[in-house]
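What follows is a single structure, written as structure tokens, with notes after it.
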Amino acid sequence: MRNTTNTKTSHPALIFWIVAGWVGFLLLPWYGVEDGILSFEWLIDGYPFDEDYAPAAFLIAQGEKLWLAPLLLPLALSLAALGRPKSDPLYAKILILTGALGFGWLTAQGFGIGIRGFNFEWLKALFGELGDRQFGMGLGAMVLASAFLFIFTQGIAARGAINGDVFVVSAIGGVIVIVTTFVFFPIAKMLLAAFVTEEGSYSAGVFAAKFFDDRLWGLGCLSGGRCGVAWNSLFLAVLVGLLTTVLGLVFALVVTRSGFRYKRALRALTVLPIITPPFVIGLALILLFGLSGAVTQFISDLFGVQPTRWLYGLPGVLIAQVLAFTPIAFLVLIGVVEGVSPSMEEAAQTLRANKWQTFRTVSLPLMRPGLANAFLLGFIESMADFGNPLVLGGNFDVLSTEIFFAIVGAQYDQGRAAVLAMVLLFFTLSAFYAQRAWLGKKSYTTVSGKGDAGVHPMMPNGLAIPVFVIAGAWGLFTIVIYGMILYGSMVELWGVNNTLTFKHYVTAFSVRIEDSGIRWTGAAWDSFWTTIYIAAAAAPLTAVVGLITAYLLTRQTFAGKNAFEFGTMLSFAIPGTVIGVSYILAFNVPPIEITGTGLILIISFIFRNMPVGVRAGIASMSQLDKSLDESSLTLGANSWQTFRKVILPLLRPAILAALVYSFVRAMTAISAVIFLVSAEYDMATSYIIGRVENNDYGLAIAYSTTLIFVMLSVVGVMQLIVGRTEIGRRMSQSRTNV
Amino acid sequence: MNNIKRLVIPSLIAMAASVSAAQAEKLTLYCSAQEDWCQLMARSFEDATGIDVNMTRKSSGETFAQIKAESSNPKGDVWWGGTGDPHLQAAEEDLTEPYVTPMRGELHDWAISQASSAGDKTIGIYSGALGYGYNTDLLAANNLPEPACWKDLLKPEYKGHVQMANPNSSGTAYTTLATMVQLFGEDEGFDFMKGLHSNINQYTKSGSAPIKAAGRGENTIGIVFMHDAVKQAVSGFPVKVVAPCEGTGYEIGSMSIIKGARNMDEAKKFYDWALSTDAQNLALEVNAFQVPSNKGADTSPSAPDMSSIKLIDYDFKTYGSSAERKRLLQKWDEDVSTLPQ
């Protein structure tokens with residue numbers, strides 16, 4: 001079988017990429033087109049001679065951008081591989097040389113020459129001033145870069161890597177390149193920015209001055225003053241992690257270990273905060289407990305006490321974050337609590353342990369991975385949370401908001417933002433590491449292939465009563481908060497004029513039917529459609545990248561697989577604010593100049609949410625027996641056909657989980673988005689935050705409520721498609737494996 | 001572009017020229033005022049001239065940073081709105097283009113003096129005085145006297161009732177700091193800031209947040225530009241505006257043409273239009289209560305009456321310079337913000 005393919009002298013994939021490379025070089029606009037590549041306005045505006053739109057070949061022919069000329073060499077070289085059989089050792093050598101030379105030169109010139117000529121002093125010293133410049137890469141450059149990359153991977157495959165499997169080698173190469181470009185490169189760029197002085201040179205002193213700043217590490221709060229932001233963030237995150245874990249466990253116990261009758265309702269309630277735009281809870285808290293809040297007023301009238309601003313600061317942020325992130329802990333823990341083998345608990349009871357002893361010595365220790373994961377997620381989410389501290393923080397500054405104001409505030413200090421982001425990254429990565437260390441190498445596996453007919457024991461009474469009280473109180477609190485949100489969207493002017501009205505919905509979402517069709521006159525439509533469009537574009541791409549990566553991780557073995565896995569999971573541990581900052585620093589300048597476009601939003605969502613796709617994919621793929629792949633391969637299919645025809649159809653639930661998750665996250669994310677939106681591509685969340693800043697609470701809450709209902713219906717439709725596979729269940733599985 | 005056309009064969013020049021002539025005139029506007037005002041300005045200019053406006057709204061600090069970053073390849077044409085300091089700084093760093101408009105005769109003196117202190121690279125489009133506003137309901141509920149002067153805010157009974165923005169992150173708060181230094185002298189000015197510090201319940205990030213909190217009833221007194229306070233009162237919140245008795249500082253909202261603008265002619269058209277009475281009257285439609293720089297433009301009856309406010313002779317040149325700014329902010333950081341409250 002292999003022999004027949006090896007003697008073939010025409011390789012469709014190779015021909016495709018060689019042709020693509022030439023097209024990218026000869027026909028497509030080399031540099032980024034200002035109005036966006038897809039506008040196609042460039043076709044009628046001076047193409048192909050106008051410098052702004054010309055393909056590389058035309059630029060060189062006109063004596064411009066001559067540093068692009070060497071790219072012709074590898075392009076011509078690639079033609080030499082045509083007509084050679086794969087078994088010819090020259091075939092592989094030619095392809096590898098073509099790819100490496102082409103990709104290498106493309107990258108080198110991209111970084112070497114920017115909008116101010118040479119980017120490096122030593123280049124200037126060597127060649128003198130360039131007297132020319134170049135902008136961000138466009139369609140032509142991107143296509144050519146991909147062509148070189150995949151020609152290179154075909155060369156590697158032809159040398160026999162991964163059994164000469166072109167698809168797998170190309171997939172690995174592709175994932176490595178995009179993860180390097182969109183995760184490692186921006187992070188590295190951000191780390192560098194921490195060392196830049198005002199004059200633009202690099203210095204460790206600058207970093208030290210910004211790092212050892214009292215505003216960052218001060219311990220004044222121990223003696224009545226104010227503490228540094230880093231301590232504030234750390235303290236808050238640990239508290240939130242602990243509280244959400246405890247509350248999540250409480251709810252999980254109620255659902256699995258009690259006779260509670262409305263479990264489905266409880267599960268539904270826990271989905272709510274996941275689809276709630278992040279700062280809405282903060283607003284509802286102000287409406288309830290603020291200085292003029294409903295509860296505050298009631299209590300002060302009742303007991304004659306003076307209302308205070310207790311909510312603003314640590315207490316408010318803590319309450320809001322615990323409300324928002326408890327469901328995530330619940331979703332993680334319910335899978336784990338259910339997964340604890342009843343047989344083990346029954347064995348303990350047979351050995352005369354009472355219920356309490358069983359719970360404490362058997363059930364609880366077996367839940368350790370779940371508890372650790374839940375804590376970790378609460379910790380990271382709290383670190384990265386941006387909306388709640390912004391609304392409720394008062395004088396309690398945390399890293400995420402400080403990063404934002406270091407960039408946009410009057411100080412405009414990117415270096416400081418970078419230093420703060422490093423501290424934030426350090427905290428989250430340490431938490432990841434600590435979690436792994438704590439879990440150690442012990443086995444927590446209790447679910448095996450054998451059937452387990454046992455039944456979970458009920459909670460011991462001493463535990464059940466407080467659990468029910470806490471769960472009941474917290475559940476009621478959540479309901480009140482959401483009632484408040486709905487009510488707040490329908491009053492005229494909160495606190496001043498409480499007449500009910502649909503005014504805010506009308507302002508946001510009014511439409512006018514005219515002869516020319518429907519006119520979307522509401523203030524919110526622009527950002528609404530942009531959000532839907534971006535979220536819908538990001539979701540399938542996230543699923544594709546995530547599933548291909550999962551496939552590589554579960555089904556293939558290759559050198560450096562661990563590093564590969566770490567790289568693909570890294571963006572999950574990086575808070576959104578850090579992603580936002582690093583993306584502006586990295587993609588504001590050539591060679592990749594995409595700030596202010598919709599593309600940068602889509603890309604940021606793909607890499608933010610990809611780990612969930614990866615995890616969902618891994619979870620499902622580990623359930624599929626390898627013999628399926630093998631039989632497909634034995635029957636003569638190649639690995640691409642196997643992936644598409646055998647594995648993919650069996651992965652439907654995982655695909656849908658990844659789609660729903662990334663869609664919902666794209667609609668509610670704010671921390672990274674706030675840095676990346678532009679006038680043209682404004683997202684719902686940043687629009688809402690703008691309204692909040694403008695004191696326009698009615699509109700903000702009405703918009704958020706609408707988003708909640710939109711997402712509910714999306715989740716509902718998805719559930720109908722997948723059948724009984726519940727989104728919560730899916731997420732708990734994927735999260736548990738993080 | 002020009003460079004290229006010289007190199008291309010003549011027949012193609014004709015083709016390219018005919019294509020670019022068919023293109024509509026356009027203008028890229030960087031706007032640093034409130035969103036709805038920016039939108040209205042852009043749309044009205046389109047209606048008045050038929051020139052397509054591509055508007056980006058960002059705060060003045062962000063816009064300054066963007067113009068600086070783009071200086072080798074400017075993408076914007078005109079920068080309209082936002083407090084004067086960053087405009088002056090842009091002029092100082094030669095990021096903006098000098099232009100003497102024929103509209104000068106219609107403008108107030110302060111607008112023109114803003115231009116002359118920057119070598120004609122910027123001009124005043126509106127001004128607003130610093131002051132404070134308070135929530136009348138909360139003041140009454142707490143049995144507090146009505147404040148009328150800056151020094152009133154130092155009284156111990158206002159402890160925990162005053163809010164201002166952090167001068168490190170907000171231009172408004174920096175103006176407050178600079179005003180106190182000019183009004184009372186540097187030492188007494190800083191003593192004032194220290195006294196105020198013990199009454200402050202929160203230093204907000206954004207300049208107008210204190211009065212918005214006061215409007216909602218989450219704070220009693222907010223130190224802000226008076227037009228921001230008026231806006232809250234007009235929206236129906238129980239806010240009263242105070243022009244402090246000792247006198248006060250002010251800002252001059254400015255406009256500049258970006259150096260190397262791609263659409264220079266359109267930029268100048270916008271510049272002249274934005275100084276006309278028609279354009280400046282648009283402010284009233286979006287509840288912007290700043291004082292317009294055109295003498296003939298209407299002022300809202302709700303707007304603070306500038307003639308009754310004692311304005312200090314604010315030294316924009318000195319206090320807008322980055323060195324002085326850095327020094328004052330550092331002093332505030334070290335001497336004021338670290339004090340216990």
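These numbers come from the heavy atoms of this one structure, side chains and all, not from hydrogens, waters or symmetry mates. Per chain, numbering begins at 1; letters A, B, ... match sequence-line order.
Considering only heavy-atom pairs separated by less than 4.5 Å from chain B, the leading option among G290(A), G293(A), G394(A) is G394(A).
Here the straight-line distance linking atom CD of E218(B) with atom CG of L287(A) works out to 8.0 Å at 0.5 Å rounding. Once rounded to the nearest 0.5 Å, the distance linking CG of N395(A) with CG of N201(B) reads 7.5 Å. Between the OG1 atom of T204(B) and the OH atom of Y312(A) there is a distance of 12.0 Å, given to the nearest 0.5 Å.
Counting only residues at least two apart or in different chains, salt bridge (charged side-chain N to carboxylate O under 4.0 Å, His left out) contacts with residues 386-401 of chain A comprise R226(A)-D397(A), D397(A)-K205(B).
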Exercise for the section: Give the C-alpha distance, both sets of side-chain angles, the deciding distance and a yes or no for side-chain contact (heavy atoms from CB on, under 4.5 Å) between H161(B) and R309(A). Expected result: CA-CA 10 Å; H161(B) 285 289; R309(A) 289 171 46 89; over 6 Å; no
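For T83(B), the side chain to side chain donor-acceptor pair (under 3.5 Å) partners two or more places apart in sequence, or in a different chain, are E251(B).
Proximity to chain B involves both the backbone and the side chain of I286(A), based on heavy atoms less than 4.5 angstrom apart. At a 4.5 Å heavy-atom cutoff, the contact between D333(B) and chain A is made by side-chain atoms alone. Only the side chain of L138(B) comes within less than 4.5 Å of a heavy atom of chain A; its backbone N, CA, C and O stay farther away. Neither the backbone nor the side chain of Q34(B) comes within less than 4.5 Å of any heavy atom in chain A.
Of all heavy-atom pairs spanning G217(B) and S292(A), the tightest one is O-OG, 2.5 Å.
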